[in-house]
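The structure under discussion appears below in the form of structure tokens.
A quick note: this is a predicted structure, and the numbers were derived from the prediction, not measured.
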Amino acid sequence: ETTDPWYLSTSEGITFADVAKATPYEAIAMVPAAGWLQIFFAAGLFEFTAWERQWNQGREIPGDYGYDPLGFTKQEGGWDSDAMKKLRLQEIKNGRLAMIAISGWVSNDFIPGSFPVIHP
């Protein structure tokens, strides 16, 4: 077993342990510009791939990228089945709840104690 630190950036001397000890906004500030550039290009690649599949391959439903390893769209009725409509609605509701949670996290970080949950 090794005790060598795992570096987020060897040029900046930042380890993953340093980032884990920081507050969320301090951790964001610790990521070097080259790291943000990598994140930006990776996200751009994913977005371009999704755009290509959505608009140039003629898919009518947002999110239909042709990747369905669990076979949800191969059920009777496909995208228009009641089960699929229910799953899509659940996904939208889950996303909305995640947005509420992240806004609570952000407000608590900027205004300590504003989130109405007991903190350890």
Side-chain angles (χ1 to χ4, degrees):
E1 186 175 331
T2 180
T3 58
D4 294 336
W6 288 21
Y7 282 94
L8 175 68
S9 172
T10 54
S11 62
E12 301 284 330
I14 301 169
T15 65
F16 283 99
D18 296 335
V19 174
K21 294 174 189 171
T23 67
Y25 288 102
E26 289 172 349
I28 289 171
M30 293 172 102
V31 178
W36 287 114
L37 190 64
Q38 291 173 16
I39 292 168
F40 177 77
F41 280 118
L45 177 65
F46 287 123
E47 287 294 325
F48 176 76
T49 302
W51 177 82
E52 169 68 25
R53 290 182 180 174
Q54 184 73 47
W55 301 108
N56 292 344
Q57 294 180 9
R59 313 236 184 211
E60 296 180 9
I61 298 176
D64 178 14
Y65 304 126
Y67 181 73
D68 185 17
L70 299 178
F72 289 119
T73 60
K74 294 170 182 61
Q75 301 174 26
E76 184 178 333
W79 283 101
D80 295 325
S81 69
D82 289 337
M84 195 64 191
K85 287 180 182 177
K86 181 180 176 184
L87 285 172
R88 290 171 60 200
L89 182 61
Q90 287 175 341
E91 182 66 23
I92 288 171
K93 289 181 178 182
N94 183 48
R96 290 175 180 160
L97 186 60
M99 286 187 276
I100 291 170
I102 200 74
S103 65
W105 171 68
V106 168
S107 67
N108 188 58
D109 202 54
F110 283 121
I111 308 166
S114 64
F115 198 65
V117 176
I118 298 171
H119 298 282

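Residue E47 places its CD atom among 12 or fewer non-hydrogen atoms of other residues, nucleotides or ligands, all under 6.0 Å distant. Within 6.0 Å of CG on N94 lie more than 12 heavy atoms contributed by other residues, nucleotides or ligands. The number of heavy-atom neighbours closer than 6.0 Å to NZ of K74, taken from other residues, nucleotides and ligands shown, is above 12.
Proximity of a side-chain donor or acceptor of D18 to a complementary backbone N or O of T15 within less than 3.5 Å is detected.
The same ILVMFWY cluster, assembled from side-chain heavy atoms under 4.5 Å apart, contains both W6 and M30. Linking ILVMFWY residues whenever their side-chain heavy atoms come closer than 4.5 Å, directly or via other members, places F110 and I28 in the same cluster.
Taking each heavy atom of Y7 and T10 in turn, the nearest pair found is CB-CG2, 3.7 Å. M84 and W79 make their closest contact through CE-CZ3, 3.5 Å (heavy atoms, listed as atom of the first residue, atom of the second, distance). Closest of all the heavy-atom pairs between A22 and A27 is CB-N, 3.9 Å. Contact between I102 and M99 at its shortest, heavy atoms only, is CG2-O, 3.3 Å. Between A83 and Q75, the shortest heavy-atom contact is CB-OE1, 4.0 Å.
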